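Remember, predicted model here, so these are calculated numbers, not experimental data. Just so it is clear: chains get the letters A, B, ... in the order the sequence lines come, proteins before strands, and each one is counted from 1.
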2 protein chains.
Amino acid sequence: MSSANSLTVDDLGSAAQRDRRKRILDATYELAREGGFDAVQMRAVADKAEVALGTLYRYFPSKIHLLVSALASEFERAEAAFRDKPIPGDTSSERVIFVLKKTTRGLQGDPHLTEALTRAFMFADASVANEIHSVGMLLSSMLTQAMHPGKTDLTDDDVAIARVIGDVWLSALVAWVTGRSTAAETGAHMENAVRLLLRD
Amino acid sequence: MSSANSLTVDDLGSAAQRDRRKRILDATYELAREGGFDAVQMRAVADKAEVALGTLYRYFPSKIHLLVSALASEFERAEAAFRDKPIPGDTSSERVIFVLKKTTRGLQGDPHLTEALTRAFMFADASVANEIHSVGMLLSSMLTQAMHPGKTDLTDDDVAIARVIGDVWLSALVAWVTGRSTAAETGAHMENAVRLLLRD
DNA sequence: GGACGAAGTGGAACGTGTTCCTATTATGAC
DNA sequence: GTCATAATAGGAACACGTTCCACTTCGTCC
C-alpha cells in the first residue's frame, strides 16, 4: 500500500483536473453500486472514467484510498443534509436513533455501494489516515449534533458516547455488509446500544 | 471468495491430517508474527508447513478463512485461560476492564500477528460465518462471565451490553492495528466505554 | 496383496492490484 | 512563439490469491 495521499479537490489546479477527479469518483460509484467491492477494479474505473491507469493511481494511490475517499464524500453529503434542518425527536436518544436509521437506510438502499465502501474502510491502514479521519470527524459531528443540537461546549462524556455509538454503528454495518446480520438486526442492535448509553 | 468451510479438527480422521492442519496453523502464526497480514502468503504458508498449495486450500478455502481460523483458536486459548481462574475485581466494570486489558495487552505484545488476524476478521464475508461466529461467541462469553461470574440466566441487557463492548473493542483494535490510535488511547477508550455502560 | 477412491504433490495458469517505462500532450515562464 | 516541465496516455510487467490439472501416495475393502 502506498504511503502517498489522495489528491483532494483543493490540490487540483485546473478545471480539467477537477473534472478528471470527478469522473474517477463517478465511475467508482457506478461500479460499486453495480457489483460492490470486487467490481471496483482499477482498470475498469480507469476505462470508465476515461483516464489512463497511471493517472488513476496519481489521483488515488490505491484502491482503498479511492474507495475511502468516495466514502468521505458520501458522508459530506449526509452531514450537510443534517446540518441545515433540525433533527426531529424530543430526547437525545430519539434524535440519535433518527440520524442512525436515516443514514443506515440510505446505505442499505445501495447494498453493493455500502459493501464496497465499508470493506475499504475496514481494510484501510495508516496510509489512509487522512481520509479515515475525515469520515470519523463527520460521523462524530453528526452524532453530537443529534445529541445536543446547537451545543458547542461538548463534555468529554458527550464525545465518548458519540464515539462508542460510532463504533457500534460501524460494527453493525460490517456485520450487515458481510451478510452476518440482517438489516432488522442491525437496526435493533443500534437502538439497543443508544438506549444503553443515553438514558433519557 | 470460496463458499466452502475450513476443515476443523473434528473433520479430520487421521493423525497425519491433524498434524498437517497444525503445521499449517503454526506456519501461519509464525509468518503473521514476523510480518503481519501481507507476510502470510499462501505459497509461503504451504512451503513452511510442507504441504502443497492445493492441500492448503483443501484445509482452508481462502487466506481469510485461514487467518480467521487462527484467530478463533487464539480466542479459544484466551477463553480457556479465563474460565478456570476467578477474574479479579469487585465490580462488573473492574472485571470487564481486567479481561479487556489483559486480552488487549496479549494482542499488543504481538502487533504483527494481531494486525493479520484483525484485518482478516474485518475483511471476512458471509462465507466465513462459521469461523466468525465462534469468535463472537467466545468474546461474548468472556465478557458476560466477567460481568456476572457464574451467572447463567443472563438478561437481554447483559447480552446487549456485552455485544456493545465487543463492538467497541473491535473498533479500537482496528484503529490500533491500522496505526490510527496508540495503545494507550485504545485502553482509555475501552475504559470509557465500559464506564458508560456499566455504572456500578 | 490388488483395486479403487480420496487425499496430497508439484506446478502451470489466470485475474487483479500495483509499478514502471516511453511517447505524447498540456501548461506556464520568458 | 518557444522551450522546459509536469501531467497524461497506453500498456507491459510483476506479485500474490486462487484455480486447475496430471500424477502419486495413502487408506480401505475384498
Side-chain angles (χ1 to χ4, degrees), chain A residues 1-7 11-24 27-28 31-32 35-70 116 119-120 123-125 127-128, chain B residues 1-9 11-24 27-28 31-32 35-70 116 119-120 123-125 127-128:
Chain A
M1 199 155 299
S2 171
S3 65
N5 283 330
S6 310
L7 266 43
D11 296 331
L12 297 170
S14 79
Q17 288 180 316
R18 278 191 294 277
D19 186 58
R20 271 193 200 90
R21 184 176 192 278
K22 180 169 185 322
R23 285 208 311 274
I24 291 172
T28 304
L31 289 167
F37 188 87
D38 290 342
V40 181
Q41 299 184 0
M42 299 304 267
R43 288 174 182 82
V45 172
D47 279 358
K48 196 181 273 273
E50 296 184 293
V51 299
L53 193 51
T55 305
L56 172 52
Y57 273 93
R58 235 186 72 77
Y59 280 69
F60 300 95
S62 79
K63 173 168 173 172
I64 300 293
H65 283 81
L66 173 60
L67 283 168
V68 176
S69 298
R119 292 294 262 302
F123 206 65
D125 70 2
S127 76
V128 201
Chain B
M1 199 153 302
S2 171
S3 65
N5 283 330
S6 310
L7 267 43
T8 66
V9 178
D11 296 330
L12 297 169
S14 78
Q17 287 181 317
R18 280 192 293 277
D19 187 56
R20 269 193 203 90
R21 184 175 192 278
K22 181 171 184 322
R23 286 207 309 274
I24 292 172
T28 304
L31 290 167
F37 188 86
D38 290 342
V40 180
Q41 300 185 359
M42 299 304 267
R43 289 173 182 84
V45 172
D47 279 358
K48 197 182 271 273
E50 297 185 294
V51 298
L53 193 52
T55 305
L56 171 52
Y57 273 93
R58 235 185 75 75
Y59 280 67
F60 300 97
S62 79
K63 173 170 173 171
I64 301 294
H65 283 81
L66 173 59
L67 283 168
V68 177
S69 298
R119 290 294 260 307
F123 206 65
D125 69 1
S127 76
V128 201

Q | Protein-nucleotide distance (A/L53, atom CG; D/dA12, atom P), rounded to Å | A | 12 Å
Q.
Expressed as a whole number of angstroms, how long is the span from A/D47:CG to C/dT16:C1'?
A. 13 Å
Q | Sugar-phosphate only, base, or nothing, as touched by A/V40 at under 4.0 Å among non-hydrogen atoms | A | sugar-phosphate
Q) Hey, does the side chain of A/Y57 come within less than 4.0 Å of C/dC20's phosphate (OP1/OP2), counting only N and O? A) no
Q. Can you check the A/F60 CZ to D/dA7 P distance for me, whole Å?
A. 16 Å
Q) In whole angstroms, how far is the C1' atom of C/dG10 from the CG atom of B/L56? A) 14 Å
Q) Can you name the nearest heavy-atom pair linking B/A120 to B/I64, along with the distance? A) O-CG2, 3.7 Å
Q: Identify the two heavy atoms, one from A/A116 and one from A/L67, that lie closest to each other, and give their separation to 0.1 Å.
A: O-CD1, 3.9 Å
Q) Looking at A/Q17, does any N or O in its side chain come under 4.0 Å of the phosphate oxygens OP1/OP2 on C/dT27? A) no
Q: State which of C/dG17, D/dG17, D/dT8 makes the closest approach to the side chain of B/Q41.
A: D/dG17
Q) What pair of heavy atoms forms the shortest contact from A/K63 to A/F37, and how long is it? A) NZ-O, 3.0 Å
Q: Quick one: closest heavy-atom pair of B/R23 and B/E50, and the distance?
A: NH2-O, 3.5 Å
**Q.** Which nucleotide in C/dG10, C/dG17, D/dA9 has an atom nearest any side-chain atom of A/V51
**A.** D/dA9
Q. Which residue, B/A16 or B/G54, contacts DNA chain D at a nucleotide closer to its 5' end, judged by nearest heavy atom?
A. B/G54
(Q) Whole angstroms only, please: what is the CZ-C1' distance between B/F37 and D/dC16? (A) 11 Å
Q. If only side-chain N and O atoms of B/T55 are considered, is one of them under 4.0 Å from the OP1 or OP2 phosphate oxygen of C/dT9?
A. yes
**Q.** Listed nucleotide nearest any side-chain atom of A/R58, set D/dG11, C/dT9, D/dA7
**A.** D/dA7
Q: Would you indicate, yes or no, if D/dA7 has its OP1 or OP2 atom less than 4.0 angstrom from a side-chain nitrogen or oxygen of A/Y59?
A: no
Q) Nearest-Å distance, CZ (A/R23) to P (D/dT8)? A) 10 Å
Q. Hey, does the side chain of A/R43 come within less than 4.0 Å of C/dT16's phosphate (OP1/OP2), counting only N and O?
A. no
Q | Distance, rounded to the nearest Å, where A/D38 contributes CG and C/dT16 contributes C1' | A | 10 Å
**Q.** Pairwise 5' ranking along DNA chain C for A/R20 and A/K63, keeping only the more 5' one
**A.** A/K63
Q) Tell me: CZ of B/F123 to C1' of C/dG17, nearest whole Å? A) 12 Å
Q: Determine, for A/D47 against A/R43, whether the closest basic-nitrogen to carboxylate-oxygen distance falls under 4.0 angstrom.
A: no
